[in-house]
Amino acid sequence: MITLKNVSKYYYNKGIIAIGFTKVNIHLEVGEFVAITGESGSGKSTLLNVISGLDSYEEGEMYINGKETSHYTERDFEEYRRTYISNIFQNFNLVNSYTVLQNIELVLLIHGASQKDAKKRALELIRKVGLTKYKNTKASKLSGGQKQRVAIARALAKETPILIADEPTGNLDVKSARDIIQILHDISKDKLVIIVTHNYDQVKDYVTRKITMHDGRILEDKKLLPISWKEIKIDLDENHLTIFSKIRLGVRNAFNIIPKFLLVFLVYLFVVTAVISEYAFFLKQEYTSSKSGYNNFFMDTNDTRLILKKKDQTSFNEEDYQNLDKIKEVDYIIENDLLLDTSVGLRNEETNFYFDGILYDVKNFHATPDLGRLPENDNEILLAGSKDDYYLGYQAKDILNCQVYLQDMFGSENKDRPLTVVGIFYEEPTNYYSSGKIYANTVVLENLKFSINREYSDIKILFLNHYHNSYPYDIHYQVIPSDRVMEGEVYISGDLNYLCKKENCLGESLVVDVDNLYYQDSLTLQVTQTYTKKNMENLLGVKDYENQNGAIYINQGQYQSLFDKENYQSSIFLQDVKYVEEVSEKLENSGYNVLKIKDTLVTGGALEALKIIRTIITSILVITLFFIAYFVIRIILKSRNIYFGTIRILGSTKKEAKQLLEIELFTVSNLAYFIFLGILFLQHKNVLNLAFLATILKYLSRIDYIILYLIINGMSYFISLRFARKIFKNSAMSTMREDV
């Protein structure tokens with residue numbers, strides 16, 4: 001079974017060589033009950049560790065079933081221990097936080113048994129060693145004799161051909177010692193049992209062979225009783241911990257020692273809180289920086305704004321607005337979106353009043369005016385802007401209740417619709433580029449929509465098979481509405497007659513084409529009149545022929561129809577910027593093209609710089625927290641080397657032991673993470689009221705939580721990896737002895 005030929009074991013410590021034993025030659029077979037005796041330091045325990053595969057040897061050769069082992073790696077010795085060796089130790093090496101049942105189940109699970117089968121077999125062995133009434137008692141609560149019985153039951157659970165016991169009666173009373181030796185004697189008929197003892201008298205009536213050692217050498221090797229030698233078949237143990245057993249043991253280890261669990265949990269909770277809080281702080285800084293950005297096209301840069309267009313290019317209808325209003329995250333809707341990105345001017349040349357701003361529906365104003373009141377009538381408006389504005393701040397009392405005029409697209413005052421300023425509200429601009437705000441009733445907004453559509457449209461005139469551009473700053477081919485022109489008709493300048501046959505354009509067709517970002521429209525008209533300097537005033541009511549000659553005059557209503565259209569673009573404003581990504585995704589899936597204003601702002605590189613700084617500082621923080629957490633957890637888990645050494649002796653591989661450690665720390669880190677999320681939920685439900693939690697809720701998105709989850713668990717994995725490298729040295733015994 002086992003043969004040692006000239007085997008020697010040495011220890012090296014700081015350049016000093018110590019002899020464990022030297023030139024040992026023995027052959028051991030199944031059926032023997034061997035006692036190794038000798039004074040302390042004679043090398044008997046070291047010899048036992050080498051035979052067990054717990055320690056290596058430096059000289060000679062050890063054979064297992066005739067096979068050499070000098071070339072064995074640590075992995076080979078792991079398999080050897082799994083297949084051949086069961087150990088019983090003087091100090092028992094039980095898992096004190098486990099119950100009797102769990103200690104015996106452990107070795108069965110390590111060897112691939114299911115939870116159900118492991119429990120059944122463990123109960124049988126507990127009954128065999130007389131500890132049934134203590135099956136649910138923790139090992140730490142047992143007497144020495146009871147602990148050794150558990151150790152024997154655990155050794156029997158492996159069902160290996162070799163059982164090795166190092167001073168199994170050293171800490172026991174006489175009766176307990178006698179009972180233990182009797183049990184070992186009973187099982188030695190089918191196994192090779194080797195015990196180390198300093199008290200040979202306790203075992204002399206049972207052993208079949210006595211080996212005496214002195215100063216690292218064998219002085220005596222005496223066979224006392226004949227044995228019935230028989231050959232046994234060794235089945236290599238290919239069964240290992242199942243994934244379910246790994247998870248079960250890892251989770252159990254996380255919680256089975258409450259003080260240890262609480263300390264590790266607090267470390268991870270600190271790490272989770274620090275990483276998430278720092279991440280949220282930088283997101284807040286980035287958000288603040290992004291709000292100070294600008295966009296040359298969009299004037300209302302509210303970061304909760306989403307600009308919507310329908311993917312089928314059709315206009316919005318009432319049903320669309322009703323469905324948008326049902327979205328719970330929506331604060332309000334701006335149907336005529338173009339108003340938000342068009343600065344309109346308010347003028348009164350008589351009082352030298354000038355104010356530029358964006359026009360808003362007063363129903364979306366939810367504050368109290370600082371001066372005056374809210375608009376009630378169709379011709380009333382409220383102005384909002386900085387108190388530092390000359391007119392709003394220094395001339396506020398003078399402009400309140402005064403009439404002003406909207407500036408039309410040509411820069412002239414539209415005196416047909418005077419407006420009265422009835423209220424003023426002071427607010428700080430969100431950034432340097434912010435415009436003032438004008439709050440008015442729906443009628444004012446609808447009147448302005450016509451002008452905006454006109455401003456955003458390209459107009460071309462098709463006349464006599466040639467296209468001519470119509471510009472507001474060039475009178476030639478400029479389209480002007482007139483209530484004197486009938487529908488379907490168009491009046492043109494008499495100067496164009498030379499282009500027509502017989503210098504007469506009457507009856508010719510003229511097409512007005514309108515094209516903009518949202519729609520196309522056209523009117524086909526017939527020339528029924530040509531105006532000249534002599535008849536222009538009488539025909540159209542226009543006196544200034546010199547400046548108006550060249551214009552195209554069409555019916556007022558038809559002109560209105562070209563630009564008085566439904567809305568092809570609308571904006572919604574959300575209750576909070578944190579809903580932007582979620583709502584955008586929903587709308588994209590519902591048939592809308594969505595533009596998020598917060599993604600369009602230019603910050604002059606400040607935002608990009610902040611992102612780089614965030615990445616650097618977050619990395620430094622994570623690395624710093626990693627080392628802090630590692631050193632603290634290393635101290636807290638200092639006693640775990642005994643546990644991991646024990647399971648390796650019982651047959652677990654180094655890889656399996658590492659995986660159990662990873663699962664243990666992963667369990668605690670996940671618990672800390674999700675409890676922190678629970679705390680955030682209480683903040684969300686207003687059970688708590690902590691500013692830093694409110695900041696986290698406001699600025700972290702779903703993807704941020706996923707990123708942080710991966711960071712936390714990545715840290716946990718590398719902590720376990722570093723800890724494992726420290727304690728899982730070349731041999732299982734070094735793990736037991738390592739002071740991590």
**Report entry** side chain to side chain donor-acceptor pair (under 3.5 Å) pairs, two or more places apart, involving residues 360-371
**Finding:** Asp300-Tyr360
Query raised in the report: Tell me the salt bridge (charged side-chain N to carboxylate O under 4.0 Å, His left out) pairs involving residues 685-703, sequence neighbours left out?
Result: Asp576-Lys698, Glu585-Arg702
Query - Side-chain donor or acceptor of Ser570 paired with backbone N/O of Glu335 under 3.5 Å - result: yes
Query raised in the report: Would you say Arg484's side chain and Asn538's backbone share a donor-acceptor pair under 3.5 angstrom?
Result: yes
Query raised in the report: Sub-3.5 Å donor-acceptor pair from the side chain of Tyr699 to the main-chain atoms of Tyr279, do we have one?
Result: no
Requested in this report: Output yes when a side-chain donor or acceptor of Asn555 lies under 3.5 Å from a complementary backbone atom of Val485, and no otherwise.
Outcome: yes
Query - Close side-chain approach of Leu306 to Lys596, heavy-atom, < 4.5 Å - result: yes
Query raised in the report: Would you say the side chain of Thr618 lies within less than 4.5 Å of the side chain of Leu621, judging by non-hydrogen atoms?
Result: no
Requested in this report: Show your reasoning for whether side chain to side chain contact (heavy atoms under 4.5 Å, CB included) applies to Val580 and Asp599.
Outcome: CA-CA 10 Å; Val580 165; Asp599 293 342; over 6 Å; no
Requested in this report: Indicate yes or no for a side-chain donor-acceptor contact from Ser470 to the backbone of Tyr477 under 3.5 Å, with no hydrogens or angles considered.
Outcome: yes
Query raised in the report: With a cut-off of 6.0 Å (strictly less than), are more than 12 heavy atoms of other residues, nucleotides or ligands near CD of Glu566?
Result: no
**Report entry** Counterpart residues, ring pair (Phe, Tyr, Trp, His ring centres under 6.0 Å), relative to Tyr579 (two or more places apart)
**Finding:** none
Query - Criterion side chain to side chain contact (heavy atoms under 4.5 Å, CB included) on Met486 and Gln529, from CA distance to verdict - result: CA-CA 11 Å; Met486 301 297 292; Gln529 293 285 348; over 6 Å; no
Query - Qualifying residues under ring pair (Phe, Tyr, Trp, His ring centres under 6.0 Å), relative to Tyr456, sequence neighbours excluded - result: none
Query raised in the report: Going by heavy atoms in the side chains, are Gln558 and Leu525 under 4.5 Å from each other?
Result: yes
Requested in this report: Apply side-chain hydrogen bond (donor to acceptor under 3.5 Å, both in side chains) to the pair Glu489 and Thr528, showing each step before the final yes or no.
Outcome: CA-CA 6 Å; Glu489 298 181 2; Thr528 58; 3.0 Å; yes
Requested in this report: Measure the acute angle between the ring planes of Tyr471 and Tyr473, then classify it against the limits of 30° and 60° as parallel, tilted or perpendicular.
Outcome: parallel
Query raised in the report: Relative to the ring of Tyr553, is the ring of Tyr531 parallel (under 30°), tilted (30 to 60°) or perpendicular (over 60°)?
Result: perpendicular
Query raised in the report: Among pairs that include at least one residue of residues 540-563, which meet salt bridge (charged side-chain N to carboxylate O under 4.0 Å, His left out), considering only residues two or more places apart or in two chains?
Result: Lys533-Glu546
Query raised in the report: Hey, does Phe681 have a side-chain heavy atom less than 4.5 Å from the side chain of Val687?
Result: no
Query raised in the report: Just by modelled atom types, is the Ile459 backbone N or O under 3.5 Å from a matching donor or acceptor in the Ser457 side chain?
Result: no
**Report entry** Tyr439 ring center within less than 6.0 Å of Phe365 ring center
**Finding:** yes
Requested in this report: Determine yes or no for a side-chain-to-main-chain donor-acceptor pair under 3.5 angstrom, with Asn535 supplying the side chain and Thr532 the backbone.
Outcome: yes
Requested in this report: Step by step, work out the side chain to side chain contact (heavy atoms under 4.5 Å, CB included) result for Ile712 and Val271.
Outcome: CA-CA 8 Å; Ile712 298 301; Val271 170; 4.1 Å; yes
Report task. Please identify each residue that fulfils side-chain hydrogen bond (donor to acceptor under 3.5 Å, both in side chains) with Asp564, with sequence neighbours left out. Result -> none
Identify all side-chain donor-acceptor contacts of residues 501-508 below 3.5 Å with residues at least two apart in sequence or on another chain.
residue: Asn504; atom: OD1; partner: Leu506; partner atom: N; Å: 3.1

Requested in this report: Without swapping roles, check the side chain of Asp495 against the backbone of Gly550 for a donor-acceptor pair under 3.5 Å.
Outcome: no
Query - Residues forming a side-chain hydrogen bond (donor to acceptor under 3.5 Å, both in side chains) with Asp474, sequence neighbours excluded - result: His476
Report task. Could you tell me whether the side chain of Leu382 reaches within less than 4.5 Å of the side chain of Pro375, counting heavy atoms only? Result -> yes
**Report entry** From CG (Leu283) to CD (Glu278), nearest 0.5 Å
**Finding:** 9.0 Å
Query raised in the report: Using 30° and 60° as the class limits, which term best fits the ring planes of Phe563 and Tyr559: parallel, tilted or perpendicular?
Result: perpendicular
Query raised in the report: Under 3.5 Å, is there a donor-acceptor pair between the Ser701 and Asp704 side chains?
Result: yes
Query raised in the report: Step by step, would you call Asn670 with Tyr709 a side-chain hydrogen bond (donor to acceptor under 3.5 Å, both in side chains)?
Result: CA-CA 8 Å; Asn670 272 262; Tyr709 176 79; 2.5 Å; yes
Query raised in the report: Tell me, do Phe692 and Thr273 make a side-chain contact under 4.5 Å, heavy atoms counted?
Result: yes
Query raised in the report: More than 12 foreign heavy atoms under 6.0 Å from CZ of Phe674: is that the case here?
Result: yes
**Report entry** Check: Asn323 side chain, Glu319 main-chain N or O, donor-acceptor pair, under 3.5 Å
**Finding:** yes
Name each donor-acceptor pair under 3.5 Å that joins a side chain in residues 325-334 to protein atoms two or more places apart or in another chain, with its distance.
none

Requested in this report: Rounded to the nearest 0.5 Å, what's the gap from CG on Asp356 to CG on Leu346? Could you check?
Outcome: 8.0 Å
**Report entry** pair Asn567-Tyr321: side-chain heavy atoms closer than 4.5 Å
**Finding:** yes
Query raised in the report: When you look at Phe281 and Ile617, which way does the side chain to side chain contact (heavy atoms under 4.5 Å, CB included) test go after all the steps?
Result: CA-CA 11 Å; Phe281 170 78; Ile617 293 183; over 6 Å; no
Report task. Evaluate the ring planes of Tyr592 and Phe316, with Trp represented by its six-membered ring, and classify them as parallel (under 30°), tilted (30 to 60°) or perpendicular (over 60°). Result -> parallel
Query - Under the side chain to side chain contact (heavy atoms under 4.5 Å, CB included) test, residues paired with Asp378 that sit two or more places apart - result: Asn441, Val443
Query raised in the report: Under the salt bridge (charged side-chain N to carboxylate O under 4.0 Å, His left out) rule, what pairs show up with a residue in residues 519-530, not counting sequence neighbours?
Result: Asp521-Lys565
Query raised in the report: Can you tell if the side chain of Leu496 reaches within under 4.5 Å of the side chain of Leu464, non-hydrogen atoms only?
Result: no
Report summary line: So salt bridge (charged side-chain N to carboxylate O under 4.0 Å, His left out) across residues 307-318, not counting sequence neighbours, yields Lys310-Asp320, Lys311-Glu588
